Protein chains: 2
Amino acid sequence: MDDACVVVKTNPFSPTLAADIRAKVFYAAPGISEVVVDAAGGKLTLTMRQPLPAMAQVAIEDLVRRMATRTIVAEKVLESYSGGGMQTTDPHPEAIARGLLWLAGPGTCVLGDTLSRLFEYFDAWFTRLAGQCQAESFRFPTLIPSQLLARVDYFKSFPHSLSLVYHLPENIPAIERFSTTACCAEDGKLNVSPADLAGGEYLLSPAVCFHYYQVLAGKKLDRLHVATAIGKSFRYESGNMRGLERLWDFSMREIIFVGREDDVLAKRQFTMEALSRFTRELGLAGLMEKANDPFFVGNFSLQASFQSALDLKYELRLDLPYQRGTLAVGSFNYHQAFFGKAFDITLADGAPVRTACTAFGVERWLAAVLAQYGCDPVRWPEPLRLAVTG
Amino acid sequence: MDDACVVVKTNPFSPTLAADIRAKVFYAAPGISEVVVDAAGGKLTLTMRQPLPAMAQVAIEDLVRRMATRTIVAEKVLESYSGGGMQTTDPHPEAIARGLLWLAGPGTCVLGDTLSRLFEYFDAWFTRLAGQCQAESFRFPTLIPSQLLARVDYFKSFPHSLSLVYHLPENIPAIERFSTTACCAEDGKLNVSPADLAGGEYLLSPAVCFHYYQVLAGKKLDRLHVATAIGKSFRYESGNMRGLERLWDFSMREIIFVGREDDVLAKRQFTMEALSRFTRELGLAGLMEKANDPFFVGNFSLQASFQSALDLKYELRLDLPYQRGTLAVGSFNYHQAFFGKAFDITLADGAPVRTACTAFGVERWLAAVLAQYGCDPVRWPEPLRLAVTG
């Protein structure tokens with residue numbers, strides 16, 4: 001069928017909730033390709049590639065009702081940065097035409113030589129920052145044990161974005177049957193029934209730091225521990241996935257701090273200040289603000305206002321002029337004793353350690369450069385131009 | 001239950017088939033933790049964590065019968081390298097005790113600071129080699145579309161090692177139900193029925209180069225194209241998975257050549273000679289030999305002897321003294337016109353391009369260093385010692 005529009009009426013809600021509600025509505029039914037939100041009018045207009053089930057419509061109305069009860073904590077801007085970029089249109093079509101990138105499928109992309117070099121430039125900078133924090137280097141698996149994600153309550157908080165991994169069962173006739181019958185339907189889906197698969201021990205890592213807490217599990221620490229790693233991270237974002245900006249399969253560089261509260265907060269502050277300077281030096285427009293994690297709706301209201309009230313999360317967001325919006329490219333998180341308790345990591349006095357992490361979504365830095373400065377490196381800020389032409 | 005031994009009688013078979021048969025037997029039933037092969041006696045001794053189904057026993061007998069019909073092409077050693085390592089025992093226990101690595105679960109591991117630096121040393125060397133081949137850098141997704149793997153006949157050739165990716169369906173009540181009920185069973189498996197999942201568009205990449213052929217699909221090339229990328233690759237190896245040596249989740253650096261036959265074969269030869277020198281300079285013991293790909297059994301016999309007869313695959317294998325065996329750490333592959341035809345990539349004269357690739361399993365280089373030189377960098381060859389202490 002052709003795309004069709006469906007209007008869902010809700011109670012009017014605060015415009016500050018519009019982005020969060022829009023992001024969650026994509027999880028209500030398969031085939032939602034666009035959601036336009038009218039908060040004051042209490043109206044959501046969905047573009048559908050397939051009919052919207054009546055049950056999904058009820059679920060959306062209920063979702064909006066529940067999210068609207070959220071205590072609104074205004075996102076507080078700490079600093080803003082002005083930039084010199086002149087680009088105002090979506091850079092993706094030109095980037096693809098120039099061979100800078102290829103969209104490989106929903107939520108995945110290939111970076112060509114120029115963007116690979118730009119990626120290396122940013123990651124080398126983040127790695128130097130980690131070095132200034134005396135970080136040890138790690139390489140973590142991309143697969144993460146289900147038990148490890150259960151231990152950090154991930155299934156409760158972010159069930160919608162999980163990526164689960166399966167394999168064929170250990171059964172030779174079944175494997176040979178698959179090998180002769182496997183093919184893809186027109187929609188690109190493999191014609192295997194998930195019920196015929198085995199596995200469930202692993203998912204794809206949604207973040208880098210969880211593996212590090214597992215490494216420290218059960219230990220008593222007598223000093224601040226700092227680790228850094230880059231890894232692929234995976235968050236299924238349904239209809240929210242978009243170009244380089246919101247990938248299912250993306251690269252995250254983290255710097256992780258484990259120790260006493262004053263130490264880990266001082267390190268977090270150090271990285272925030274370094275990122276402020278770096279953003280200004282590069283001439284990238286954006287802002288640093290207090291932020292909330294995008295929990296799923298269950299205990300959304302509670303978690304989000306809790307987090308905001310305690311200054312647990314800050315985000316560095318860079319402008320996407322063509323979207324008249326901003327994109328989070330770095331986050332600075334304080335987890336209090338959550339991971340210390342979950343993994344029984346203690347200080348010398350027996351108290352659970354405090355943890356913090358600074359995380360960068362590397363492809364998003366590229367997205368912001370292209371959105372602000374365009375696809376021709378000649379017009380990029382000098383350090384970036386030199387990084388890809390040197 | 002405790003582990004139990006089950007003996008499966010087969011016809012006697014050639015000892016040259018023992019390793020291949022052993023590797024495939026693990027796919028006959030869940031819970032096979034060890035397989036001891038007696039080729040001359042026609043006997044396989046399986047250590048089982050759960051009972052061996054009668055059907056699986058029949059399947060194993062049949063498997064051996066079919067694999068024994070394979071035309072045996074002796075693996076031909078082109079060169080061998082002597083090393084200076086004195087280690088003869090399994091390095092994994094000491095590596096774990098020293099905090100060099102952590103086994104995170106079956107087929108996954110965490111590398112600590114020392115091995116992360118050693119990893120960077122090897123990858124930087126491979127990247128310089130790629131630079132000498134005038135390679136362009138790419139970054140490819142870890143998720144690979146099902147349609148792309150179908151296009152390269154991967155489902156037919158290697159069904160046993162696939163990793164399939166799913167997510168929760170777009171259905172808010174189902175997502176919220178999962179979030180309140182998800183937990184792990186004692187065996188570490190998540191209590192979700194795969195039948196309740198959505199997806200099937202993506203698998204995890206089993207190699208790096210396929211994405212590159214997709215980038216070139218439909219193009220007419222007027223010169224040799226060379227690309228390099230590192231990426232996580234995934235091959236589910238059931239009971240074959242072992243420490244750093246055979247991971248489900250590992251890192252592969254590839255250099256990919258696309259062009260005329262003489263050009264791509266010359267580049268493959270150049271990389272083989274460079275690797276020979278590098279292996280000698282480092283004092284790593286091993287050999288370069290003609291090899292076969294580990295196809296699954298269906299058309300195993302045909303494919304393997306075809307490949308060997310045409311010099312399509314060479315492997316650099318390094319000694320694992322404690323195993324009295326060798327481990328493939330690099331492969332040098334010529335694909336003839338296979339990918340050129342599959343992706344409609346042509347030369348100026350309209351003929352399909354020829355492709356070759358040189359691939360390194362980075363963690364396996366670390367495994368070989370530890371197995372030959374032990375876990376104390378002081379005893380490593382000088383360039384490796386400097387790489388981790390500098």
Side-chain angles (χ1 to χ4, degrees), chain A residues 26-30 59 63 102 104-105 108-113 116-117 119 136-143 145-147 150 155-156 159-160 162-168 170 172-173 175-176 178-179 182-184 188-190 194-195 197 200-201 204 211 215 232 236 238 248-249 296 298, chain B residues 26-30 59 63 102 104-105 108-113 116-117 119 136-143 145-147 150 155-156 159-160 162-170 172-173 175-176 178-179 182-184 188-190 194-195 197 200-201 211 215 232 236 238 248-249 296 298:
Chain A
F26 286 104
Y27 293 98
L63 173 83
W102 292 261
T108 63
C109 74
V110 172
L111 305 183
D113 196 58
S116 293
R117 288 165 188 261
F119 184 110
E136 289 188 295
S137 295
F138 282 81
R139 295 189 76 91
F140 296 117
T142 304
L143 297 174
S146 303
Q147 283 175 323
F155 300 136
K156 286 194 179 59
H160 52 302
L162 295 169
S163 306
L164 302 95
V165 177
Y166 293 87
H167 54 80
L168 296 189
E170 276 92 347
I172 293 172
I175 294 171
E176 298 199 310
F178 173 90
S179 79
C183 66
C184 288
K189 295 191 181 187
L190 188 59
L197 299 172
E201 305 91 341
L204 296 178
H211 279 292
V215 161
K232 279 295 188 85
Y236 177 69
S238 188
W248 185 352
D249 168 349
F296 205 66
Chain B
F26 285 104
Y27 293 98
L63 173 83
W102 292 261
T108 62
C109 75
V110 172
L111 305 183
D113 196 58
S116 293
R117 288 166 188 261
F119 184 110
E136 288 188 295
S137 296
F138 282 81
R139 296 190 76 92
F140 295 117
T142 304
L143 298 174
S146 303
Q147 283 175 323
F155 300 136
K156 286 194 179 58
H160 52 302
L162 295 169
S163 306
L164 302 95
V165 177
Y166 293 88
H167 54 81
L168 296 189
E170 276 92 347
I172 292 171
I175 293 171
E176 298 199 309
F178 173 91
S179 79
C183 65
C184 288
K189 295 190 181 187
L190 188 59
L197 299 173
E201 305 91 340
H211 279 292
V215 161
K232 279 295 187 85
Y236 177 69
S238 188
W248 184 353
D249 169 349
F296 205 66

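What you are looking at is a predicted structure, and each value in this text was computed from that prediction instead of being measured.
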Next on the checklist: With chain A as the partner, which of B:G112, B:A182, B:A29 has the greatest number of non-hydrogen pairs under 4.5 Å?
Outcome noted: B:A29

Item to check | Residue among A:P173, A:A104, A:C183, A:P30 with most heavy-atom pairs under 4.5 Å to chain B | outcome: A:P30

Checklist entry - Side chain, backbone, both or neither: which part of B:P145 has a non-hydrogen atom closer than 4.5 Å to chain A? => result side chain

Item to check | Heavy-atom pair of closest approach, residues B:D113 and A:S137 | outcome: OD1-N, 2.6 Å

Checklist entry - Does the side chain of B:L197 reach to within under 4.5 Å of the side chain of A:Y166, using non-hydrogen atoms? => result yes

Checklist entry - Hey, what do you get for CZ (A:R117) to CD (B:E136), rounding to the nearest 0.5 Å? => result 8.5 Å

Checklist entry - Is there side-chain contact between B:S238 and A:E170, with heavy atoms separated by less than 4.5 Å? => result yes

Next on the checklist: Taking side chain as everything from C-beta outward and backbone as N, CA, C, O, which of these in B:F155 sits under 4.5 Å from a heavy atom of chain A? Side chain, backbone, both or neither.
Outcome noted: both

Checklist outcome for this item: The reported gap from CZ in B:R139 to OG in A:S116 (rounded to nearest 0.5 angstrom) is 6.5 Å

Checklist outcome for this item: CG (B:L143) and SG (A:C109) are apart, to the nearest 0.5 Å, by 11.0 Å

Checklist entry - What is the distance from atom OH of A:Y27 to atom CD1 of B:I172, rounded to the nearest 0.5 Å? => result 10.5 Å

Checklist entry - In terms of ring plane angle, is the pair B:F138 and A:W102 parallel, tilted or perpendicular, where the classes change at 30° and 60°? => result tilted

Checklist entry - With no hydrogens and no angle check, do the side chains of B:K232 and A:T142 hold a donor and an acceptor under 3.5 Å apart? => result yes

Item to check | B:C184 to A:Q147 - nearest heavy-atom pair and separation | outcome: SG-N, 3.5 Å

Next on the checklist: Out of A:F140, A:F119, A:F178, return the one with the most heavy atom pairs under 4.5 angstrom to chain B.
Outcome noted: A:F119

Checklist outcome for this item: Smallest heavy-atom separation, A:L168 atom then B:L164 atom, equals N-CD1, 4.5 Å

Checklist entry - Pick from A:P141, A:G188, A:G200: which one has the most heavy-atom pairs with chain B under 4.5 Å? => result A:P141

Item to check | Spatial distance of atom NE2 (B:H160) from atom CD (A:E176) [nearest 0.5 Å] | outcome: 11.0 Å

